[in-house]
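Notes follow the structure.
Residue indices begin at 1 and follow the sequence shown.
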Amino acid sequence: MSGNIETDACDPLVRIENLRRGYVQRRPFSGSEYTIEALENATLTISRGATLALVGDSGSGKSTLARCLALLEKPSAGEIWFNGRNLLELQASELCAVRSQIQLIFQDPVSSLNPRMTAQEIVAEPLAIQKGGTRNQQRECAIDWIVRVGLPNNCIAKRPMEFSGGQRQRLAIARALVLEPKLLILDEALSNLDLANQECIVQLLADLQAERQLTYLHISHDLRLVSQIADEVAVMNEGRVIEQQPVAKLFSSPKEDYTRELLLALPSLESICIDRSA
């Protein structure tokens, strides 16, 4: 649990306000310092049980924002409100519980899965870290999630390199969800998959969202995919969120020139079928 604070179901699960994150660099010859601003007053909201897609060119600040939200990096300034609490004001003792409620899935599961551990050990590890139940309970819970994400239960003793790319991503999803989080951040998590595996994972995520009322932040360059999975889209450019709209409205009536340029880069905008209502 992230605390006993009562929250209105209509309030967004996530509210990020004026978030800044700078990185200090040194010039190669003089050694003088300068700061690169990866985030500049970035602001967005994510509704409970919804999917927000975050799009923009490489280097626009999408992954930096995700790492700040997942508490992997500390912002220079701003506020991150999650489930009614400002994460940047919490004590260290409170952050552990909150971290279990925000899980991050990376683009390449190989780099995030310990090659020496079995599938069962990988999925059970977060429970061991959080001291969730006995070892047998952790094992049974891990096996349950392995099966729930569509992997056979006879694979629990296999190691990551024995799985296909799609299976490894399912394993990463199981590990992320074993702690029953409220928010799942997917940082280009589908971009390395072929279309068949991508469609299967998209359906799995949709089923899990409906079943468990999960909230997703989906970082992607693939606007075709975004049009299919997102409720809202936030567009980032040079460290700022320049607009956030419902997906159908953004595709039909973008406010910013930069967003129009992104949409014009699609092979055929008219071929995108959007089933979400504005």
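- Residues that satisfy the side-chain contact (heavy atoms from CB on, under 4.5 Å) test with S111, not counting sequence neighbours, are D108.
- With sequence neighbours excluded, the residues that form a side-chain contact (heavy atoms from CB on, under 4.5 Å) with T43 are N18.
- Contact check for L186 versus L217: no side-chain heavy atoms found under the 4.5 Å cut-off.
- Judged as a salt bridge (Lys or Arg N to Asp or Glu O under 4.0 Å), and not counting sequence neighbours, R159 has no contacts.
- S30 pairs by the side-chain contact (heavy atoms from CB on, under 4.5 Å) definition with R27, S32, not counting sequence neighbours.
- Annotation: side chain of L19 is in contact with side chain of C68 (closest heavy-atom distance under 4.5 Å).
- Residues D187 and Q107 fail the side-chain proximity criterion, which asks for heavy atoms closer than 4.5 Å.
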Kindly indicate, with the supporting measurements, whether the criterion side-chain contact (heavy atoms from CB on, under 4.5 Å) is fulfilled by Y216 and L52.
CA-CA 6 Å; Y216 294 150; L52 175 70; over 6 Å; no
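- Among residues two or more places apart in sequence or in another chain, the side chain to side chain donor-acceptor pair (under 3.5 Å) test is passed with R139 by none.
- Of the listed residues (L13, L214, N83), just one forms a side chain to side chain contact (heavy atoms under 4.5 Å, CB included) with L183, and that residue is L13.
- Using a distance-only test at 3.5 Å, with no hydrogens or angles considered, no donor-acceptor pair links the side chain of S220 to the main chain of E188.
- For the salt bridge (Lys or Arg N to Asp or Glu O under 4.0 Å) condition, the pairs that include at least one residue of residues 62-75, sequence neighbours left out, are R21-E73, R67-E73.
- With sequence neighbours left out, E79 forms a side chain to side chain donor-acceptor pair (under 3.5 Å) with W81.
- N86 is linked by a side chain to side chain donor-acceptor pair (under 3.5 Å) to nothing, counting only residues two or more places apart in sequence or in another chain.
- Under the 3.5 Å distance criterion, the side-chain polar atoms of D57 are left unmatched by any main-chain donor or acceptor of S60.
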Derivation of the side-chain contact (heavy atoms from CB on, under 4.5 Å) call for L223 and F251
CA-CA 9 Å; L223 293 179; F251 273 80; 4.2 Å; yes
Walk me through it: do L205 and I229 pass the test side-chain contact (heavy atoms from CB on, under 4.5 Å)?
CA-CA 10 Å; L205 291 170; I229 65 174; over 6 Å; no
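- Legend: salt bridge (Lys or Arg N to Asp or Glu O under 4.0 Å) pairs involving residues 112-126, not counting sequence neighbours: none detected.
- For T259, the side chain to side chain donor-acceptor pair (under 3.5 Å) test picks out E243, with sequence neighbours left out.
- At least one donor-acceptor pair closer than 3.5 Å links the side chain of Q138 to the backbone N or O of G133.
- A pairwise comparison of heavy atoms in M117 and P160 identifies O-CD, 3.3 Å as the closest pair.
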Q209 vs T51, side chain to side chain donor-acceptor pair (under 3.5 Å): CA-CA, chis, key distance, verdict:
CA-CA 9 Å; Q209 185 174 44; T51 297; 3.1 Å; yes
Exercise answer: donor-acceptor pairs, residues 193-204 side-chain atoms, under 3.5 Å, sequence neighbours excluded:
unit_1: D194; atom_1: OD1; unit_2: A196; atom_2: N; d: 3.2
unit_1: D194; atom_1: OD1; unit_2: N197; atom_2: N; d: 2.8
unit_1: D194; atom_1: OD2; unit_2: N197; atom_2: ND2; d: 3.4
unit_1: Q198; atom_1: OE1; unit_2: R224; atom_2: NH2; d: 2.7
unit_1: Q198; atom_1: NE2; unit_2: L190; atom_2: O; d: 3.1
unit_1: Q203; atom_1: NE2; unit_2: D207; atom_2: OD1; d: 2.8

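- Think of M161 as one node in a network of Ile, Leu, Val, Met, Phe, Trp and Tyr side chains linked at under 4.5 Å; its network also takes in V110.
- Summarising the geometry of L208 relative to W145, their closest heavy-atom pair is CD2-CZ3, 4.0 Å, with the distance given to 0.1 Å.
- For E17 and R15, the salt-bridge test passes: some basic side-chain N is under 4.0 Å from an acidic carboxylate O.
- Side chains of E33 and Q25: a donor-acceptor N/O pair is absent below 3.5 angstrom, by distance only.
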